Asker: 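Before I ask anything, here is the structure I am working with.
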Amino acid sequence: MNKRKIDNIIEDLGQIEFDERASAKFKFKDIFSKVIFKNPSMAIGSIMIFLLIILAIIGPSIAPYDSQELNMSERFESPSWNHIFGTDNMGRDIFSRVLHGTRVTFKIGLASVGIGLAFGLLIGLFAGYSRGKLQNVLMRFIDILYSFPALLIAMALVAFLGPSTRNLIIAVGIASIRYYARVTYGVVLVERNKPYLDAAEIVGAGALRQMFRHLIPNIVPPLIVVATLGFAGAVLNAAGLSFLGLGVQPPTPEWGLILSSGRNYIIRAPWLLIFPGLAIMVAVLSFNIFGDGLRDLLDPKQQRKV
Amino acid sequence: MGKPEKKGRALTTVVASNPTNIETLLRVENLDILFGTAKQHVVAVDGVSFKINTGETLAIVGESGCGKTVTSLSIMGLIPCPPGIIDNGSIQFNGKDLLHLKMEEMRKVRGNDIAMIFQEPMTSLNPVLTVGLQMSEAMMAHKGISRKEARKRAIEMLKLVQIPEPEKRMEQYPHQLSGGMRQRVMIGTALSCEPKILIADEPTTALDVTVQAQILDLMNDIKAKLDTSILFITHDLGVVAEIADRVLVMYAGRTIEEALVTELYENPIHPYTEGLLRAIPRLDQYLSADNSVKEALKQMPGIVPSIYKKIEGCSFAPRCPYARKQCGQERPVMKEVVPGHRAACWKPEW
């Protein structure tokens, strides 16, 4: 009997629904004030990575000496103001070589993470999305890869392809595919059952569209974390292979290789090993710290606070 | 049963039963859906038949697990196979048999001819894509229009579903919208390709009552504007009264009663429907003048039979106050008891 009145009330109440939710635009300066400096490991890691990237870019041009210039009169000089990291058995400046090596290391790390991530993502995505035969075939393949140490796979590949910087990148990349495939697979399995995929299917999206348009953006956060930590692993693997003579070939200044060529003089000139070793450690450590911070940040439980 | 029908409704009954005047858009016949393997399975949907005419709202009512959602998903071709098996029956849409369409053809039907909205507006939108992108995507795929046009049309759709400042909302992500708005966006997306049928699977269940009322109003409004048929799935008889033209009651995977909405409320035939209607709390009936309780709310004894048990006879017989020996042995089929009112029950014959 009072239906009209009730209708009016409902209409009035309806207006309340249209409240303003969180502000629409993400402000760039918030990245620093709210994200990075709230999280100490993120702050330290990102500063270190930032410095390393700067060094990788400008390093070769600020290096005091040519990285490959031989100077037989200044062999095995201990660290001094002239050569702050000392010189090696051919009189080359270690500081300049380490600086040049930053760029080489970043190149290897980025490229091999790229290879591993691209293939791992595809395998994990198809396996997780398809359910059924394809899923089994792909993930058993990944299981097989998991039954060897990564370094062993990379060594076998380099032995097969021949040692060079390009082949090192390929080998380290392929050896890390399994890692990315597993993570992607796990995340896709979770996202696969969410209604938004059904909703996409209902408006007529095909399998590829569902995977690449709808799934990938949702699985990116954990993959960023894994890729950051994977970068550190790739640098380490590449240095290890170069140390064994299976990676970058002399005279290219790569940290693992500098370390390797200095190992015969460990008693006489320990700086040949200390400084490239420290460089590897700093690079790996900063990516690990940054990755940990990123993981805390992208953890879904914490996301709301940001 | 001999109750005289109201004039307006009686007229619709005649029209609805006359196939030359109203086109049947969707016809589901004898649909059986099993889950499991051929050897060991449970029956989720058991011989369900119904049809939807153009511009009509059919509500499927029933409690949880009675096969409402499975029925609607089968129309969209979304029953995962395995474990789902569509054992028998046909789904005809505009003369096409949806059960035997190829993947490609089915994709054209989805969204374009038949659209669907879900119960959970919170999770049916992709959290990392903007509202506008998700809306225009479907139109670009189905209508082959450019991004710009799709965007323009998406804004129109948002206006249609009464979202203020549609241009601004287009750029926002689902978490920036309230539940009611998300369901509006879902409805807008579903309707953007002008589907002939909109399947709404409990679209208001996750919303609070005032928002629920708005969404129902909106759906009625849009139906009148676009002449879309609606298949409305719900367990809420109050919602049915507001939106449906015809009602189909399901119980334990079977259809047990079908009638025009007023007819069903005034004159339920099946004891289950009767029980459901009596279990709705009503403001006017149960309180006396001094506010003391006059009559307690009626409840139905028993629970829904387990899906793992094979049912002989009428599935409602164990809970039915009128059950006789025949009910436990012979399965009643859907029969027209009163013109336009069908039920699967032996009682009218006694």
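Below, read A as the first sequence line, B as the second, and so on, with proteins coming before strands; counting in each chain starts at 1. These figures come from a predicted structure and were not determined experimentally.
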Asker: Could you have a look at B:L125, B:T123, B:L129, B:V209 and say which one has the most heavy-atom pairs with chain A under 4.5 angstrom?
Answerer: B:T123
Asker: Please check if atom OH in B:Y265 has more than 12 non-hydrogen atoms from other residues, nucleotides or ligands closer than 6.0 Å.
Answerer: yes
Asker: Using heavy atoms and a sub-4.5 Å threshold, report which of residues 188-197 of chain A line up against chain B, by residue number.
Answerer: A:P195, A:Y196
Asker: Look up atom CZ in A:R213 and atom CD in B:Q134, then write down how far apart they are to the nearest 0.5 Å.
Answerer: 9.5 Å
Asker: Take atom CZ in A:R140; do more than 12 heavy atoms of anything else shown fall under 6.0 Å from it?
Answerer: yes
Asker: Looking only at non-hydrogen atoms, find the nearest pair between A:A199 and B:S124 and report the distance.
Answerer: CB-O, 3.3 Å
Asker: Are there more than 12 heavy atoms of other residues, nucleotides or ligands under 6.0 Å from atom CZ of B:F35?
Answerer: yes
Asker: Using a cut-off of under 4.5 Å on heavy-atom pairs, state which of B:M139, B:M106, B:M116 scores highest against chain A.
Answerer: B:M116
Asker: Using a 4.5 angstrom heavy-atom cutoff, name the option from B:L73, B:I114, B:L133, B:V109 with the most pairs to chain A.
Answerer: B:L133
Asker: Is atom CZ of A:F212 surrounded by more than 12 heavy atoms (other residues, nucleotides or ligands) closer than 6.0 Å?
Answerer: yes
Asker: At a 4.5 Å cut-off on heavy atoms, which part of A:R209 comes close to chain B: side chain, backbone, both, or neither?
Answerer: side chain
